Amino acid sequence: MISRLDEARQAIRQRIIEKLHDLGWPTLDELVQVEVPTEKGRGDLTTSFALKAARRVKMPPRELLGHMDAIWSDLPCVAGTEVAGPGFLNFTLSTAWMAEVIPDILRHPQTYGNTAVGQGKRVLLEYVSANPTGPMVIVSGRAAAVGDTLARVMSAAGYQVWREFYVNDAGGQIARLGQALALRLRELEGEDVESTWPENVYPGAYVKELALMYRAEHPEVLAQSLAEDEYPALGAWAAERIRQGHETTLKHFRVTFDRWFSERALRESGAPEAVIQRLKDRGYLVEREGAWWFTATRFGDDKDRVMVKSDGSLTYFVPDAAYHADKFDRGFDYVIDLLGPDHHGYVNRIRAVVEALGYPSDRLEVLIIQLVRVMRDGELVRMSKRGGTFVALEDLIEEAGIDPARFFLLERAPETPMDFDLNLAKLKGPDNPVYYVQYVGARIHSVLRQWRQMGAPAVPVDVTLLQEPEERQLIILLARFPEVLVRVAEERAPQHLVKFMTELAGAFHAFYRQHRILDQAPKLRQARLALAEAVLAVNTRGLELMGIEQPQEM
RNA sequence: GCGCCCGUAGCUCAGUGGAUAGAGCGCCUGACUACGAAUCAGGAGGUCUGAGGUUCAAAUCCUCACGGGCGCACCA
């Protein structure tokens with residue numbers, strides 16, 4: 001049982017199944033699904049089991065439904081039924097019965113919506129994992145918002161969530177970062193480096209800032225004497241500074257991690273070599289053209305992958321494999337990777353190596369976070385890391401604000417490319433959907449303030465007085481909240497929460513425009529106050545799960 | 001060329017094999033002597049890219065075509 005709505009659903013389903021058994025059809029149970037209809041005006045719950053079962057029972061759907069007529073009379077949650085269309089059965093739930101959700105919420109406002117569907121399963125969520133070679137771009141922000149909200153919602157759904165950021169602080173790119181730093185240090189000593197800037201070395205302006213920091217820290221180092229073999233160490237120094245910047249930016253964005261997993265530490269532990277040995281032992285590593293290849297094609301990948309290059313060094317893929325081995329060795333039930341759009345060729349490879357190492361690859365889930373294009377004044381804002389001109393996550397947060405940025409980045413299905421409309425996000429006005437949702441809380445807080453000033457005595461709450469259509473709509477939505485969270489958690493789909501919050505806000509604004517709360521007879525006033533407080537609780541909780549603030553005044 | 005993702009209203013996008021395909025923005029018409037108008041009520045706007053197929057039922061599943069994005073190194 002995950003909610004009051006679910007209780008009604010289960011009761012109805014059980015009743016239908018019992019009746020089918022009575023009629024002599026004991027094998028149709030799985031066809032009986034009671035669902036929330038996709039559109040309004042089709043009842044509060046609906047089932048199409050008669051359509052699904054028609055063929056097997058050799059009876060037209062509506063005739064089958066005729067047998068279901070009298071079986072609802074003693075179910076307190078059902079107020080009415082209706083047969084519609086070719087054979088749908090729609091249920092109207094008892095408003096008074098559903099309204100009990102209000103005291104349920106008010107008893108535990110901070111935890112309403114929590115469920116145990118995750119059964120305490122341990123989940124490792126890896127997200128962002130931006131390279132520490134430059135500022136984070138927007139797609140990292142999307143991964144941050146999605147990963148963080150998934151972590152929050154999955155925790156609410158009863159999973160034990162561990163959040164991790166994998167830091168690629170080793171390898172060739174770090175050496176190149178070190179080279180860039182060395183060049184900028186030489187520039188500080190008066191050398192012209194621009195005209196001879198090498199290919200593949202980050203020219204970004206942020207390296208100049210790093211050079212200034214480095215010189216302040218190490219005034220004794222003479223840049224001209226820096227040799228090539230010192231680039232990795234320089235790069236590591238720079239990478240750690242950049243990583244700290246990422247951490248600061250993400251924290252500001254309300255995104256935190258339980259662990260920053262260092263690739264360098266992983267390499268130093270010898271884990272990559274251990275993976276090589278394990279694959280050799282299992283016979284999945286073959287020597288060809290002087291290199292060692294992982295036979296990924298045996299596990300469904302397009303081609304085999306080099307792991308040990310002919311010069312004896314390891315490809316980047318080996319530490320990644322070792323990292324995943326480490327994840328599985330830590331005993332997680334689910335290993336979820338949120339990867340950037342440039343990684344989809346990589347998914348089969350990592351899945352292959354996980355399987356080759358003998359881990360249950362069905363516990364590995366890879367979610368590709370798709371590209372974000374930023375639009376300003378209807379024009380595409382170009383991002384180019386190479387040229388050093390791009391929209392950094394920091395700039396986006398600065399320009400749009402944390403709340404709108406998170407809201408917009410969560411609004412779309414993560415695996416589809418999206419456009420981020422900067423103009424809309426920046427709007428401080430009525431057209432901005434973030435404020436639409438936040439305004440709900442501000443209005444209710446305002447009513448509650450005035451209620452306290454009235455000093456009117458509280459009377460016992462009787463939620464059965466809430467019979468207006470707008471009140472009913474709110475009650476049904478409040479009852480749906482726990483299931484929304486379950487769906488977000490299980491489908492790894494935060495956009496459903498955003499949609500729900502927008503719907504709840506719409507229902508509240510409609511109610512608020514139509515009906516008054518405070519100038520009512522004491523009993524109705526008390527009931528509406530309870531309703532408003534319940535809406536506030538769910539609104540606040542939902543926003544919190546999205547990492548968005550609920551201002552008391554706007 | 002191969003692989004992955006996508007194609008739904010003017011724009012940006014939801015959509016769980018079900019009923020008359022939804023929302024926001026934009027456009028049009030109305031509503032404060034009012035607990036907050038950052039709001040509400042209503043309207044116009046669709047061959048769900050196309051063609052086949054599976055199904056009682058397809059935007060949804062399958063095949064093909066077309067269009068778009070991204071990826072396809074002994075780089076990371």
Side-chain angles (χ1 to χ4, degrees), chain A residues 33 35-42 46 48 51-52 54-55 60-61 84-88 90 131 133 168 170-176 200 263 288-293 301-303 305-317 319-320 340-348 368 370-371 373 375 378 408 411-413 415-421 423-424 427-440 442-451 454 487 491 495-496 498-499 502-503 505-506 508-520 525 528 532 553-554:
Chain A
Q33 273 147 19
E35 292 162 324
V36 174
T38 41
E39 279 145 64
K40 287 170 192 167
R42 294 175 186 167
T46 184
S48 58
L51 288 160
K52 293 186 167 79
R55 168 176 285 189
F88 298 97
N90 298 339
N131 284 341
T133 50
N168 292 111
Q173 56 170 354
I174 297 303
R176 284 203 297 279
N200 300 326
E263 179 186 350
R288 276 204 299 264
E289 302 155 34
W292 285 88
W293 298 71
D301 197 6
D302 306 359
K303 43 185 101 169
R305 307 291 174 177
V306 171
M307 290 194 117
V308 186
K309 297 187 231 174
S310 48
D311 66 1
S313 64
L314 304 178
T315 60
Y316 78 98
F317 178 46
D320 281 4
D342 49 339
H343 281 77
H344 52 251
Y346 174 80
V347 177
N348 286 336
I368 297 290
Q370 280 294 348
L371 220 62
R373 300 193 308 168
M375 309 296 286
F408 279 70
E411 202 181 7
R412 311 298 181 203
E415 64 273 21
T416 59
M418 66 169 284
D419 283 2
F420 190 107
D421 184 344
N423 301 78
L424 184 59
L427 269 183
K428 291 282 184 285
D431 300 328
N432 192 326
V434 190
Y435 298 99
Y436 186 78
V437 173
Q438 290 179 319
Y439 191 41
V440 169
R443 277 182 146 174
I444 297 173
H445 276 297
S446 171
V447 170
L448 293 176
R449 277 193 296 272
Q450 289 174 59
W451 156 245
M454 283 172 68
R487 187 173 175 208
E491 292 182 24
Q495 73 271 19
H496 299 309
V498 180
K499 188 149 194 240
T502 309
E503 247 180 273
F508 179 75
H509 291 313
F511 160 76
Y512 188 85
R513 244 0 215 149
Q514 189 82 21
H515 307 287
R516 301 182 62 76
I517 297 173
L518 294 178
D519 28 330
Q520 299 291 344
R525 175 170 63 211
R528 286 189 174 164
E553 288 175 47
M554 294 170 69

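Just so we're clear, the structure is a prediction, and the values are computed from it rather than from any experiment. In the text below, chain A, chain B and the rest are named by the order of the sequence lines, each starting its count at 1.
- When heavy atoms are screened at a 4.0 angstrom cut-off, A/Q495 is found touching the sugar-phosphate backbone but no base atom.
- A/D419 comes within 4.0 angstrom of the backbone, heavy atoms only, and of no base.
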Task: Dot-bracket pairing map - RNA chain B, Watson-Crick plus G-U, both contacts under 3.5 Å, | cross-strand - done: (((((((..((((....[...)))).(((((.......))))).....(((((..]....))))))))))))....
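- Nucleotide B/U55 holds its P atom 17 Å from the NZ atom of A/K52, rounded to whole Å.
- In the interface, the side chain of A/R516 is not paired with the base of B/A34 through any donor and acceptor atom under 3.5 Å apart.
- A donor and an acceptor atom never sit less than 3.5 Å apart when one is taken from the side chain of A/R443 and the other from the base of B/U39.
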At a cut-off of 3.5 Å, list every protein nitrogen or oxygen paired with a nitrogen or oxygen from nucleotides 68-72 of chain B, distance to 0.1 Å.
from  : atom 1 : to     : atom 2 : distance (Å)
B/C70 : O2'    : A/P341 : O      : 3.1
B/C70 : O2     : A/H344 : NE2    : 2.6
B/C72 : O2'    : A/K303 : NZ     : 2.9

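- Side-chain atoms of A/T416 and base atoms of B/C6 include no donor and acceptor less than 3.5 Å apart.
- Residue A/A505 is classed as having no contact, given no heavy-atom separation below 4.0 Å to the nucleic acid.
- For B/A19, its base sits under 3.5 Å from the side chain of A/N90 at one donor and acceptor pair at least.
- Between the C1' atom of B/C40 and the CZ atom of A/F511 lies a distance of 14 Å, rounded to the nearest Å.
- Checked by distance alone, A/Y435 brings no side-chain donor or acceptor within 3.5 Å of a matching partner on the base of B/A38.
- Contacts of A/E411 with the nucleic acid, taken as non-hydrogen atoms under 4.0 Å apart, are absent.
- Between the side chain of A/T46 and the base of B/A19, at least one donor-acceptor pair of N or O atoms lies under 3.5 Å.
- When the P atom of B/A38 is taken as reference, atom CD1 of A/I444 falls 16 Å away, rounded to whole Å.
- Atom pair A/M418:CE and B/C11:P shows a separation of 17 Å (rounding to whole Å applied).
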